[in-house]
Amino acid sequence: MAEGLKSGGEHERRLSAGEPALWQQVVEQLGTALAVIDPAGRIVAVNPAAERLLQRAAGSVYGRDLHDLCHRDPGGGLVPRERCPLLRALAERRAARGDDDRCLRGDGRLVPISWSATPLADDVSGVCQGMVVLIVETAADRRAGRERAERAEQSERVEQAERTARTSALESLAERLTLVAEITDVLGQTLEVDEALARLSRVLVPRLADWAAVDLRVGSRQVHRVAVTGPEGRAAGQEDWRGHLPPVGEATHSPLVQVLNEGAPVLQKRVDLDAPPDSPLASVHDAFLGAIGAASAITVPLGSRRQVTGALTLVRTDPARPFDTGDLDVAGDIGRRVGLVIDNARRFGRQRAVAEAMQRNLLPPLPAHGRFQLAARYQPAPPGSQVGGDWYDAFALRDGTLALVIGDVVGHDLTAAAGMAQLHGILRSLAWDHAEPTGAVVDRLDDAMHAITIVRMATLVLARVEGPDSGPWTLHWTSAGHPPPLLLTPDGSAQYLEAGQGLILGTDPYAGDPRPSAAHALPPRSTLLLYTDGLIEVPGSDLTRGLSRLRRHALALAHEPLDTLCDQLAARTPPGSTDDVALLALRLPVP
C-alpha cells in the first residue's frame with residue numbers, strides 16, 4: 001500500500017514539525033504544568049496544566065514573580081530570594097531542579113511541588129531570554145525532598161567534576177595543537193638551519209619544556225649538539241654543552257642513541273633518568289640532564305624512521321609536572337616537521353651555493369676601455385632567499401664601441417642561473433659584429449631565445465656608448481621590460497632614461513613592431529647606472545618609492561669614486577628585499 005494511505009483509499013494524516021500549530025498544541029495538551037519566565041523571573045506564559053496546578057487563570061499570573069508563587073515555607077511565608085535555587089540558576093544561566101518547594105494556590109492552599117528549569121537562549125545571539133520551568137505536584141515529605149536535593153546536588157558536583165575534566169583535556173589538546181601550528185608557521189619563515197632552530201627553541205621554551213637541546217647528525221656516526229635553550233636567567237655555563245658529542249654506538253639502551261639509530265621517540269620518567277649510562281654518548285647526555293636538574297625528558301627523532309637527521313630533547317625540571325604520552329605525541333610531530341625543514345634547508349643551501357658560484361664565475365671581468373671608468377657589483381640574495389638570474393656585462397664590439405648589458409632571467413633557482421649563462425653568451429655573439437640599432441639586436445635575441453636556451457622570460461638593457469675618446473659621447477640603448485638606466489650629471493641632477501622601452505623577452509617575439517632604440521647625450525664626468533630590480537623593489541611595496549630611494553642615494557654619492565659609489569649602493573638594498581642585485585656603473589672622463 002502506498003505510504004500515507006489507509007485501506008480503501010482513505011488518507012492518513014501525519015504530524016510534521018514544520019506545522020506552525022504543532023508546538024502550541026503540544027504545550028497546551030501537556031499534562032505537566034509549564035511556565036515560561038523572563039530574565040527577571042516574571043511569568044510570561046503558562047499552559048492549561050499550570051493554570052490547574054496554580055488554581056489561577058493565565059491572565060492573573062502574567063507579570064507576577066514565579067518565586068512568590070512557588071517558593072513558600074511550610075507556614076506559607078516567602079522563602080528569601082537569596083536562598084531561591086531557581087533565581088540562582090536564572091542568574092547563572094544554567095539548568096536546575098528543586099524537590100522541596102511549596103506552591104501557594106489561588107484557593108490559599110499550599111501544595112508540595114518539584115520543579116525543573118532550563119535556560120531559554122536566543123538562536124542567533126545566544127543571549128539568555130529566560131527559563132522554561134516544569135512544575136509537578138508531589139506528596140513527598142520534607143525529608144525525602146532534602147534527600148533528593150542532596151542526591152541531585154551530589155550528582156551535579158560529579159557532573160561538574162566530569163565537565164571540568166573534559167574541559168581541561170580539551171584545553172590541553174587545543175593548546176598542543178596551537179603550539180604545533182605555531183611551530184609550523186615559524187619554521188616555514190626561513191630556510192636557514194640555525195635560524196630555524198633558534199626560532200624553534202624560543203617557542204618550545206617555556207611553552208612546552210624548561211630546556212631544549214637539538215643534536216644533528218654529521219656523517220654516519222658523528223653528532224653535533226647545535227642548540228641548547230633554557231629558561232630566562234639560566235647559568236651561562238650551560239651553553240658549554242653545545243659542540244661535538246661522542247660517536248653514536250650500537251646496541252645501547254641510551255634513549256638518545258636509540259632515537260638516532262632507530263627513529264623511535266622515548267619518554268623518560270624520574271626513575272628512568274637514574275639508569276647508569278652504557279656508552280660515551282649516553283654519559284655526556286646524562287651529565288647534561290643531571291646538570292639542569294631534569295625530572296622528566298622526551299627525546300624524539302628529527303625526520304622519519306627511514307631518515308633520522310638528528311634528535312630533539314625536551315626537559316622539564318618540576319617533578320609535579322612530568323611529561324606524559326600526549327606530550328610525547330606532540331614532540332614527535334614537531335620532530336618530524338623540524339627534520340623536514342632541516343632537509344629542505346640543506347638541499348636549498350647546496351643548490352644556492354652552486355647557483356651563487358655559477359653566477360660569480362660567469363660574470364666577466366670588466367674591460368679597460370680608453371679613459372672610461374667601469375665598476376660592477378653582484379650581491380646574492382639575503383640568506384634564506386632564493387638565488388636569481390641577475391647578470392651584468394661590458395665588452396668592446398668589433399668596431400671598438402663599448403657595449404653595456406644588465407639583465408635578469410625570470411626565476412629563482414639553479415635553472416635561472418644556468419639560463420642566464422646561456423643568454424649572456426648568445427647576446428655577446430649577436431651584438432659583437434653587427435653595427436645595427438640595439439633594438440634590432442634584442443629582437444634577434446628574442447627570436448632565438450626559445451630555440452637555443454632554457455630561458456622562458458627575461459628582462460635586460462643593451463646599451464652602446466658611441467663617440468671618440470675625447471668626446472662627445474652618446475648612449476644608444478634598448479630596454480626589454482627592465483628598470484630604466486639612471487644618469488647622474490655633474491650639475492647635481494639625476495635622470496631616469498625611460499625611452500627605448502620594449503616588451504620583456506619571451507612574451508611574443510613575433511607580435512607588434514620592432515623594439516625601439518633610444519639615444520641620449522652623455523655629459524663629461526657624468527655617471528651612468530644600470531641595475532636590476534633587487535636594488536629598488538621589495539615584494540608588496542611601491543616601485544615608485546624604490547626608484548626615488550635609489551635616485552636620492554645615488555645623488556648623495558655622485559662625487560665619490562666609482563667603486564665607493566657601487567659599494568654603498570649595493571649595501572643599501574631596500575629593507576625586506578629578497579632578491580639578488582647586479583649593478584654596472586660607467587663614469588665618463590673629462591674631455
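We use all heavy atoms of the structure for the numbers below, so side chains are in, but hydrogens, waters and symmetry mates are not. Quick caveat, the model's predicted, so the values are computed rather than measured.
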Taking side-chain contact (heavy atoms from CB on, under 4.5 Å) as the test, write out the residues that go with Ser60, two or more places apart.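 Counting only residues at least two positions away or on another chain, Ser60 forms a side-chain contact (heavy atoms from CB on, under 4.5 Å) with Arg56, Ala57.
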
Partners passing salt bridge (Lys or Arg N to Asp or Glu O under 4.0 Å) against Arg551 (at least two apart in sequence or in another chain):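 Partners of Arg551 by the salt bridge (Lys or Arg N to Asp or Glu O under 4.0 Å) criterion come out as none, since no residue qualifies.
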
Tell me every residue that passes salt bridge (Lys or Arg N to Asp or Glu O under 4.0 Å) with Asp286, counting only those two or more places apart in sequence or in another chain.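 Residues passing salt bridge (Lys or Arg N to Asp or Glu O under 4.0 Å) with Asp286: none at all.
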
Run the salt bridge (Lys or Arg N to Asp or Glu O under 4.0 Å) test against Asp210 and tell me which residues pass, sequence neighbours left out.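 Testing Asp210 for salt bridge (Lys or Arg N to Asp or Glu O under 4.0 Å), a comparison that skips the adjacent residues, returns Arg321.
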
For His71, which residues count as a ring pair (Phe, Tyr, Trp, His ring centres under 6.0 Å) partner, sequence neighbours excluded?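 Counting only residues at least two positions away or on another chain, His71 forms a ring pair (Phe, Tyr, Trp, His ring centres under 6.0 Å) with His67, Trp115.
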
Enumerate the salt bridge (Lys or Arg N to Asp or Glu O under 4.0 Å) contacts for residues 69-80, please, sequence neighbours excluded, ordered by first and then second residue.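 The answer is none; no pair qualifies.
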
May I have all residue pairs that pass side chain to side chain donor-acceptor pair (under 3.5 Å) and include part of residues 84-94, sequence neighbours excluded?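 Qualifying pairs: Glu92-Arg94.
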
By side-chain hydrogen bond (donor to acceptor under 3.5 Å, both in side chains), which residues pair with Asp274, not counting sequence neighbours?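 Residues passing side-chain hydrogen bond (donor to acceptor under 3.5 Å, both in side chains) with Asp274: Arg270.
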
Less than 3.5 Å apart, which donor and acceptor atoms pair up between the side chains of residues 35-49 and the rest of the protein, not counting sequence neighbours?
residue: Asp38; atom: OD1; partner: Ala40; partner atom: N; Å: 2.9
residue: Asp38; atom: OD1; partner: Gly41; partner atom: N; Å: 3.0
residue: Asp38; atom: OD1; partner: Arg42; partner atom: N; Å: 2.9
residue: Asp38; atom: OD2; partner: Arg42; partner atom: NE; Å: 3.2
residue: Asp38; atom: OD2; partner: Arg42; partner atom: NH2; Å: 3.2
residue: Asn47; atom: OD1; partner: Leu34; partner atom: N; Å: 2.9
residue: Asn47; atom: OD1; partner: Ala50; partner atom: N; Å: 2.9
residue: Asn47; atom: ND2; partner: Val27; partner atom: O; Å: 3.2
residue: Asn47; atom: ND2; partner: Thr32; partner atom: O; Å: 3.0

The criterion is side-chain contact (heavy atoms from CB on, under 4.5 Å); which residues satisfy it with Arg105, sequence neighbours excluded?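 Gln55, Cys103, Asp107, Arg109, Val111.
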
Among residues at least two apart in sequence or on other chains, which ones pass side-chain contact (heavy atoms from CB on, under 4.5 Å) with Val205?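 By the side-chain contact (heavy atoms from CB on, under 4.5 Å) rule, Val205 matches Ala212, Thr229.
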
For Asp68, give me all partners under side-chain contact (heavy atoms from CB on, under 4.5 Å), at least two apart in sequence or on another chain.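 By the side-chain contact (heavy atoms from CB on, under 4.5 Å) rule, Asp68 matches Asp65, Leu78, Arg81.
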
